[in-house]
Amino acid sequence: MARPSPRRHEIVGHTADIGLTATAPDLPSLFEEAALALAEVSADVDPRAGGPVHRGAREGDAIELEAEDLVALAYAWLNELIGLAQARGQALAGTEVRRLEPASDRAGWRLVGGARFVPFAVGEGPGARARLDVKSATYHRLTVRRHAGAWRLTAYLDV
Amino acid sequence: MSREHPVPLERIDAYRWRIPRDRARGMRVDGIVYADDRLMSSLRDDPSLTQVANVATLPGIVGASLAMPDIHWGYGFPVGGVAAMTRDGVISPGGIGFDINCGVRLLRSGLSVADVRPRIGALADALFRAVPSGVGASSGRVLAKGDLDAVLRDGARWAVEAGHGTTDDLARTEDGGRLEPADPAAVSPRARQRGERQLGTLGSGNHFLEVQVVDRVFETAAAEAMGLREGQVVVMIHCGSRGFGHQVCTDHVAIMDRAARRFAITLPDRQLACAPIDSPEAAAYLGAMSAAANFAWANRQLIAAAVRRVFARFFGGAGEGAGLRQVYDLSHNLARFERHRVDGREVEVCVHRKGATRAFPPGHPTVPEPYRQVGQPVLIPGDMGRYSFVGVGAQGALEQTFGSTCHGAGRLLSRHAATRQLRGVDVGAELAAEGIVVRAQRRDLLAEEASAAYKDVAVVVEVAEAAGIFRRVARLRPLAVVKG
């Protein structure tokens with residue numbers, strides 16, 4: 001079941017492309033919030049197609065990622081979602097980050113979660129409506145930081 | 001728009017500015033930006049100038065960190081950036097960009113605007129149907145693994161051998177439409193998944209297919225060599241390696257990020273991730289980048305074939321009248337090993353061009369034989385409401401910019417700013433009033449891609465020509481625009 005939540009992300013301008021910022025009290029919520037922003041940039045998800053975009057993947061693709069630091073983990077997370085959506089030919093509709101913690105066996109961080117996708121609409125039928133073709137999340141100005149008692153993630157997307 | 005602390009900037013002449021080498025920043029060479037006062041006025045507080053300085057820190061860079069007149073804010077490298085590294089330097093996937101071998105193809109017809117104008121709406125509809133476009137567009141063609149490997153190895157040659165073009169097309173394509181050393185094994189399964197249904201598709205954003213008319217010829221001999229004359233209808237295709245190339249770059253930026261740390265390379269922007277050219281990471285990237293370049297050439301070859309079929313249906317036959325002959329196909333996002341003079345010596349360098357076009361002068365052995373006397377064709381798309389340009393390379397490019405020039409107009413406004421500025425404006429209707437028909441998957445895309453969002457490409461090419469790195473040959477005006 002979707003957990004209703006206040007919007008804690010915004011889209012940031014870039015001359016050629018687009019950026020996003022997300023804020024949350026903890027890291028799993030932060031990565032979910034950034035995924036919401038990515039989904040919003042990529043498509044409008046029709047409620048009849050299984051949306052609206054929300055947290056809580058429940059069913060869908062399982063995702064496990066490891067990276068040497070939080071910035072690399074954010075790069076891997078956003079790009080995993082972009083890649084899965086395009087490989088499926090579908091729109092991102094929800095994510096869940098169940099665990100995001102320091103890797104136990106080596107330096108770095110580990111994320112365990114999942115993502116759900118819905119088909120694009122055909123004609124006027126139900127389904128997601130494409131917005132921007134996101135090529136990739138980039139390392140340019142990519143940050144994951146504690147800020148004013150909360151976590152903040154900023155990323156720029158090549159579109 | 002993000003405002004930057006301005007980098008120091010010295011005027012060299014009316015068309016060039018220097019960002020002096022600053023050892024405190026770690027710059028190994030100067031930055032040089034091609035711009036006149038008009039273009040510089042929109043750049044002075046732009047992050048792109050800092051990006052020029054950042055690129056100057058990369059190991060092995062020689063000459064200068066260069067920015068063409070269409071420079072704008074990118075990732076790591078600015079868009080419009082050119083950097084050459086010696087063999088003991090690095091290669092940086094971000095210096096090529098996510099859309100590997102994004103490029104432009106120009107086809108010429110024997111038709112005049114009077115032949116085409118009465119049917120332009122129906123022609124645009126047919127092209128819109130024939131060439132899949134939009135976010136995640138699928139061609140409906142699913143390539144078997146062996147076929148995809150053949151595409152990755154052979155590029156446009158694969159498409160021609162499969163019946164989608166002629167050997168004359170290959171002779172008028174940069175690198176013959178096939179870059180080595182392509183290594184399909186260096187490509188991830190995810191890249192294959194993203195690419196396998198997208199061959200022959202246009203994509204979205206600033207990619208387009210336009211029916212255009214040659215409305216002015218500046219240099220008759222070069223125009224004749226290209227088969228161009230005033231009033232003639234041509235077709236321009238702008239697209240790249242689709243999701244396949246995007247994933248290749250995504251994968252290898254991550255690999256290079258780890259490599260840069262291993263090789264203790266300090267970077268001012270993590271998107272400049274790089275590795276020594278003689279490292280295994282660089283070899284893997286070059287193999288995958290070449291495979292993606294070949295995917296892009298096969299992609300534009302298949303799109304051209306679809307366009308030719310539509311023109312044959314509308315205007316009959318494949319003869320010189322309706323038949324579309326290729327003028328040229330080029331890349332503006334690629335790294336290549338080339339020989340250039342550095343400090344008085346000819347050396348091999350890895351030239352990164354991110355949003356920049358190779359522009360070798362007349363007589364250069366790399367220029368295809370049909371154009372060797374006039375110089376390498378340069379195709380510079382503008383925006384959908386004004387014009388595009390055809391030109392040729394110039395001697396100054398070889399002397400100043402490692403044989404490079406601009407690649408387009410360059411964005412002026414963000415998508416959001418363009419949409420806000422044009423709120424309430426029916427961009428499609430305004431274009432129609434100018435005699436330009438538009439077919440787009442998304443009407444809201446039109447505001448993001450409107451003329452107001454771009455610099456005036458005429459100013460950009462004027463600066464490139466005045467600086468001696470390009471010569472104008474012809475100007476093209478759009479008649480019909482197909483957007484994703």
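Numbers restart at 1 for each chain; the letters A, B, ... are given by sequence-line order, proteins then strands.
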Open item on the list: I need the contact set between residues 147-154 of chain A and chain B: heavy-atom distance under 4.5 Å, sorted by residue number.
Closed with: none

What part of [X] gets within 4.5 angstrom of chain A, counting heavy atoms only: side chain, backbone, both, or neither?
X	result
B:Q441	neither
B:R190	side chain
B:R192	neither
B:E196	neither

Could you tell me which portion of [X] (side chain, backbone, both or neither) has an atom closer than 4.5 angstrom to a non-hydrogen atom of chain B?
X	answer
A:L78	neither
A:A67	neither
A:V12	neither

Task: side chain to side chain contact (heavy atoms under 4.5 Å, CB included) between B:D257 and A:E68, intermediate numbers included - done: CA-CA 10 Å; B:D257 178 58; A:E68 52 275 32; 3.5 Å; yes

Quick one: which of [options] has the most heavy-atom pairs under 4.5 Å with chain B, could you say?
options	answer
A:E80, A:Q90, A:R88	A:E80
A:V71, A:I18, A:I11	A:V71
A:L84, A:V134, A:L142	A:L84

Task: Main-chain N/O of B:T250 paired with A:Y75 side-chain donor or acceptor, under 3.5 Å - done: yes

TODO: Could you tell me whether the side chain of B:Y75 and the main chain of A:R141 form a donor-acceptor pair under 3.5 Å?
DONE: no

TODO: For the residue pair A:L132 and B:R415, establish whether any side-chain heavy-atom pair is separated by less than 4.5 Å.
DONE: yes

Task: Partner residues of B:H207 under the ring-ring contact (aromatic ring centres under 6.0 Å, His included) criterion, sequence neighbours left out - done: B:H238

